[in-house]
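Treat the numbers as computed from the prediction; the structure is a model and nothing was measured.
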Amino acid sequence: MLSVKTRRIAVPMVVACVGVLGSAGAAHAQSGGLSVTPASLENRAKLGTVGSLTLNNTTKETLRVTVTVRGWKQQLNGTVVADPRSNLTRYVRATTRTFNIGAGVKRPISFRMVRRQSSLYAAVDILGKPTNTKGRKGIIPNYRLISKLRLNPAKKAYNFRTGAAQVRSGSVILPVRNLGNSLDPISGTYRISGPASKSGNAAAISALPGKLIGLNLGATRGMKKGKYTVTATVKQGSKSTNVRTSFTIR
């Protein structure tokens with residue numbers, strides 16, 4: 001369970017999350033909750049206003065809200081989580097980053113891009129805390145929403161770099177870093193030769209710009225020990241690259 005420390009008690013955090021490609025709704029406690037619509041804000045990357053979200057407080061108390069735009073962490077399999085240490089407000093920010101929202105009130109949150117980027121994919125971290133906690137005892141819920149902000153490029157630029165094949169958790173992985181500006185998925189076809197051989201298609205993964213993902217070239221189960229050569233074709237959009245690398249099963 002996520003918690004926040006105060007001077008009196010540990011405060012539970014009611015959380016709702018959304019990934020880069022997923023959707024989410026609300027963080028609820030028994031007495032209501034905090035929700036945001038739409039769960040995803042999408043627009044073209046441009047200086048100035050890029051859109052707005054609507055926050056709805058269905059609790060019975062006033063909440064102090066803080067809105068922070070953060071980067072994502074991305075795992076090799078493509079899964080993303082908001083990075084609590086990242087802060088992208090130097091590029092895009094809510095026009096009002098801290099405010100109170102009354103019980104039963106809906107309030108729009110507008111966002112502006114303040115420094116030009118060809119694209120930007122971010123998490124919108126919304127934290128709501130009750131304003132009146134003096135003298136209260138027991139559990140005081142806080143509310144946290146992780147929504148998504150997707151600012152797409154006016155013109156897509158495809159570029160990526162592959163690394164050496166490696167064995168991870170019983171699978172052969174081909175690392176690929178997205179050096180372009182789009183979320184278009186990266187995929188590939190491959191042939192593995194050596195003490196044993198096989199070929200196939202690597203499932204497509206959407207990689208955030210600048211992030212590293214790993215194309216899965218299949219399980220090592222049943223493969224003999226020794227050195228193997230990978231010949232692959234990696235694709236993203238209109239870009240295609242032939243790759244030759246190797247790995248060893250010990």
Side-chain angles (χ1 to χ4, degrees), residues 17-24 39-48 50-51 53 67-94 97 111-126 145-166 168-169 171-188 190 202-217 230 232-245:
C17 298
V18 53
V20 175
L21 303 176
S23 60
S40 170
L41 174 57
E42 187 166 2
N43 203 339
R44 181 170 61 84
K46 60 179 181 178
L47 289 176
V50 293
L53 302 172
V67 181
T68 307
V69 179
R70 305 192 186 280
W72 298 103
K73 289 182 178 181
Q74 186 163 30
Q75 300 175 11
L76 288 177
N77 65 4
T79 301
V80 297
V81 292
D83 184 354
R85 296 185 178 182
S86 172
N87 191 321
L88 300 182
T89 54
R90 65 188 182 278
Y91 300 113
V92 63
R93 65 188 63 162
R97 286 177 276 177
F111 293 86
R112 290 179 58 85
M113 176 172 272
V114 295
R115 183 178 297 182
R116 189 181 300 278
Q117 296 286 294
S118 63
S119 66
L120 189 141
Y121 301 99
V124 179
D125 189 344
I126 303 171
L145 301 169
I146 305 294
S147 188
K148 65 179 178 180
L149 177 63
R150 180 186 287 185
L151 301 180
N152 298 308
K155 183 178 181 180
K156 294 180 180 180
Y158 298 116
N159 193 15
F160 53 81
R161 184 175 63 238
T162 60
Q166 53 191 262
R168 284 176 172 257
S169 303
S171 295
V172 182
I173 300 298
L174 180 63
V176 184
R177 188 175 298 278
N178 183 6
L179 301 178
N181 63 7
S182 84
L183 277 180
D184 285 13
I186 297 173
S187 62
Y190 65 89
I205 299 176
S206 291
L208 290 162
K211 299 298 185 182
L212 183 73
I213 54 94
L215 294 180
N216 192 324
L217 308 187
V230 176
T233 300
V234 179
K235 299 180 180 180
Q236 184 192 35
S238 59
K239 181 178 175 62
S240 177
T241 299
N242 294 325
V243 177
R244 186 179 176 88
T245 181

Check [X] against [Y] and note the closest heavy-atom contact, atom names and distance.
X	Y	result
Ile205	Gly214	CD1-O, 3.4 Å
Pro209	Ser119	CG-OG, 4.1 Å
Val234	Phe160	O-CZ, 3.4 Å
Leu183	Arg150	CD1-NE, 3.7 Å
Lys46	Val50	O-CG1, 3.6 Å
Leu208	Gln74	N-OE1, 2.9 Å

Look at the side chain of [X] and the backbone N and O of [Y], then say whether any donor-acceptor pair between them is shorter than 3.5 Å.
X	Y	result
Thr245	Ala165	yes
Tyr190	Leu217	yes
Asp83	Gly71	no
Arg44	Ala154	no
Gln117	Tyr91	no
Arg161	Arg177	no
Arg90	Asn87	yes
Trp72	Ala82	no
Glu42	Lys148	no

For the atom pair [atom1] ([X]) and [atom2] ([Y]), what is the distance rounded to the nearest 0.5 Å?
X	Y	atom1	atom2	result
Gln166	Leu76	CD	CG	7.0 Å
Arg70	Arg85	CZ	CZ	11.5 Å
Asp184	Tyr158	CG	OH	3.5 Å
Asn178	Ile186	CG	CD1	4.5 Å
Ser169	Asn77	OG	CG	10.5 Å
Leu179	Leu212	CG	CG	10.0 Å

#### Entry: Step-by-step side-chain contact (heavy atoms from CB on, under 4.5 Å) determination, Ser86 to Lys73
CA-CA 9 Å; Ser86 172; Lys73 289 182 178 181; over 6 Å; no
### Message
Does any part of the side chain of Lys156, heavy atoms only, come nearer than 4.5 Å to the side chain of Asn181, both counted from C-beta?
### Response
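A side-chain contact under 4.5 Å exists here.
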### Message
Within the 4.5 Å heavy-atom criterion, are Ile173 and Asn216 side-chain neighbours or not?
### Response
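Side chain of Ile173 against side chain of Asn216, heavy atoms only: contact under 4.5 Å found.
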### Message
If you apply the rule side-chain contact (heavy atoms from CB on, under 4.5 Å), what do you find for Val67 with Val124, and how did you get there?
### Response
CA-CA 7 Å; Val67 181; Val124 179; 4.0 Å; yes
